[in-house]
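Okay, so here's the structure we're looking at.
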Protein chains: 2
Amino acid sequence: MTPVNLKSLAEQLHLSIATVSRALRDSHEVSEATKVRVRALATALNYEPNAYASSLRRNVSKTIGVVIPKVANHFFALAINGIEEAARQSGYHVLIYLTHDDYAREVAIVQHLKGGRVDGLLMSVASGTEDFAHIKSLKDTNLPIVFFDRVCAEVATAKVTTNDYESGYQATEHLIQSGCRTIAHLLISNNLSIGQFRQQGYLDALTAHGLPPDPDLVLNGVMDNEQNVVLIRELLQRRPDIDGIFASVERLAISAYHVCKELGRRIPEDIKIIGFSNLEAASLLDPPLSTITQPAYDIGREAAKILIRAVEKKKDILPSQSLVLNSELFQRRSTAAG
Amino acid sequence: MTPVNLKSLAEQLHLSIATVSRALRDSHEVSEATKVRVRALATALNYEPNAYASSLRRNVSKTIGVVIPKVANHFFALAINGIEEAARQSGYHVLIYLTHDDYAREVAIVQHLKGGRVDGLLMSVASGTEDFAHIKSLKDTNLPIVFFDRVCAEVATAKVTTNDYESGYQATEHLIQSGCRTIAHLLISNNLSIGQFRQQGYLDALTAHGLPPDPDLVLNGVMDNEQNVVLIRELLQRRPDIDGIFASVERLAISAYHVCKELGRRIPEDIKIIGFSNLEAASLLDPPLSTITQPAYDIGREAAKILIRAVEKKKDILPSQSLVLNSELFQRRSTAAG
DNA sequence: TTTATTTACGCAAACGTTTTCGGTAGGTGC
DNA sequence: GCACCTACCGAAAACGTTTGCGTAAATAAA
């Protein structure tokens, strides 16, 4: 079976390759009559242009890369959903890379992307990343980059985030207004700005309501969930006065649930819990978990839109194009006043 | 800034492009001394070969496509995780396409893939797909395809699935052994074989235990969850004797939970529920949901492995390479015998 | 009629890489 | 001395597409 490409089409139509190419791209330099002829044969033979030849020649791949820590996480899954939607609408393809929060993997991936495989990059940096040289070096190749959620402050480009400070403040305030006086903050400590913003919101909400911040109530979680359960258990046993928990990370809220059940602390009667989460099933938990939910889909979609717009216009992406989309507080039974 | 490609490297090294290319690919036709020189400059200048030029010339893209209905679903998210892992290990890139269970989108995506953008395809077909001509036509271009989970029986290739029939049988048997006598089956009716297998397992388990199958107990759900709640409510009100529910689809189990709470049916005292689900939070639901959980990560990884192996060896994929990975039944309180 | 202008198409170069084919230099065996 | 081999390297074609430029004919303007 002969390959179906511009050459074979041209031969069958007794035209030049150039004319066939132009006809298919609807150029004004070719008559309507031949356009019709060309299109007819192309669809008849199921012609599809070779993406790599086209990309090579035009130096454009119609592909964007997405580098994220993980996909088995409802936030990132929803973000990909939004990204794919925006990409599809503009005819872009989506390459996915997972760092698993591993710095070395992130570096390797970023290095690979210098090969021109993508026209632009969406990125949520790994929590283990402390040195951003690899990202800067990629940006120096003029590859447009947009960060979302886990941004890299040191690289001057657009960032799409949620209002982490305000959300941390709101969550803490919500616990206070529900009657809590001794509020713990569970977080994963790393150098990501989002964690710091949430922590600051927590602290400011406490002081604003006359509650003195206590470092003993701030628990730095780790990667391993089993270990987190141990840490949280220790905290709750050491400080039986804790009556509220603000979890900056979904799985810390889940671990807190486990510990409370194990220790016989009733939620929300003895202790109230609120957490950042995109869990669909939050309302089905026992009890339903109050959440701060990020607009993950929108974050992904808007980030992709900014990126694609820049790629198409061949214009640099400015930090001023950054977007902050508000998270939403869903009040459920785990923080019911009582 | 001059581009860093083979040409520029060759000029600086006073070598030919051919030699530089061979040196970087570690050909035996170039001396060790020059290899060292070439590699040194290449790493110094951060050279990364142009992926599209390479793909065009070698007719190989080191990229696999993944076409799935959705990503905001723990099963598919885990599957992607496995796919990415296998791909990364073999140096492959992963393109993601979402059909949203829409036939037209699936056709458009498949048509696009004829452009040679991917070396192979992993696919889980959309539930709305009834005609497989587009897939067959893609396969006719000699593109290797491996189906996973939602397979297409009409295309002769490898399929990676789970033991749907046995799982349906086990789930039903588990309900019977927990004391249920009137067991409803909630499913999404479509022409996917997995649904049919599960339904058959349900029927066979009933008859094997002397319970007469009753078509009135089989509920065909729809896409819209609100509508499903209505349907389930009608069913439970029409048949107050129902004491067990087997949900073939996660969200139907969730909807059943909602209806039970609304109608005041206690789980598991009045009615027991088990469902296919990859929900992480199943154990945190109220009450914890018994599940049949598919090995999603392994399914994705094994499917990708089969595909990549075939791509590398340039050999056809045979239906005999199909794999069946067993699901696991997690018994939780929603089916506690009482 | 002559001179611009437009229309419709072909030629050929380019994108960066890989690979075939060959060529040169030096060494080895006879 | 000659034939032969090996080690190393370069020239150039090829992958399929896009596009600047040229050109012939047709049309419009003068």
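Bear in mind the structure is a predicted one, so any value in this text is a computation, not a measurement. In what follows, chains carry the letters A, B, and so on, assigned in the order in which the sequence lines appear, proteins first and then strands, with residues in each chain numbered from 1.
Candidate nucleotides D:dC15, D:dT18, D:dG10 were compared by shortest atom distance to the side chain of B:T19, and D:dG10 ranks first. Of the listed nucleotides (C:dG16, C:dT18, D:dT17), C:dT18 has the atom at the smallest distance from the side chain of B:R58. Nearest to the side-chain atoms of A:S31 among the listed nucleotides D:dC9, C:dA8, C:dA14 stands C:dA8.
Using a 4.0 Å cut-off, no side-chain N or O of B:Y52 falls inside it from OP1 or OP2 of C:dT18. In this model, the phosphate group of D:dT17 is not approached by any side-chain N or O of A:S55 to a distance below 4.0 Å at OP1 or OP2. A sub-4.0 Å separation between OP1 or OP2 of D:dG10 and a side-chain N or O of B:S16 is present. The phosphate of C:dG16 has neither OP1 nor OP2 within less than 4.0 Å of any side-chain N or O from B:Y47.
With rounding to whole Å, B:N50 atom CG is found 17 Å from C:dA14 atom P. Rounded to a whole Å, the NZ atom of A:K7 is 14 Å from the P atom of C:dA12. If you measure from atom CG of A:L56 to atom P of C:dT18, you get 12 Å, rounded to the nearest angstrom. Atom CG in A:L13 sits roughly 10 Å away from atom P in C:dG10 (whole-Å rounding). Per the geometry, CD belonging to B:E11 stands 13 Å off P belonging to D:dG10, to the nearest Å. Separating the NZ atom of A:K35 from the C1' atom of C:dA8 is a distance of 11 Å, rounded to the nearest angstrom. Going from atom CD of B:E29 over to atom C1' of D:dC8 covers 8 Å, rounded to whole Å. Straight-line distance from the CZ atom of A:R57 to the P atom of C:dT17: 16 Å, rounded to whole Å.
Using a 4.0 Å heavy-atom cutoff across all strands shown, B:N5 reaches sugar-phosphate atoms only and no base atom. Residue B:S21 is in base contact, counting any heavy-atom pair closer than 4.0 Å across all strands shown. Residue contacts for A:I17: at a heavy-atom cut-off of 4.0 Å it reaches a base atom on one of the strands shown.
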**Stepwise side chain to side chain contact (heavy atoms under 4.5 Å, CB included) test for B:Q89 and B:R301** = CA-CA 11 Å; B:Q89 283 183 0; B:R301 191 166 46 98; over 6 Å; no

**Message:** With side chain to side chain contact (heavy atoms under 4.5 Å, CB included) as the criterion, how do B:K114 and A:Y47 come out once you've worked through the C-alpha distance, each side chain's angles and the decisive distance to 0.1 Å?
**Reply:** CA-CA 8 Å; B:K114 287 180 188 161; A:Y47 168 75; over 6 Å; no

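Between B:R22 and B:E48, it is B:E48 whose nearest contact on DNA chain C lies nearer the 5' terminus. Mapping B:A18 and B:A53 onto DNA chain D via the closest heavy atom, the residue that lands nearer the 5' end is B:A18.
Side chains of A:E106 and A:T129: a donor on one and an acceptor on the other come within 3.5 Å.
Residues A:H93 and B:H112 bring their aromatic ring centres within 6.0 Å. Residues A:Y103 and A:H134 bring their aromatic ring centres within 6.0 Å.
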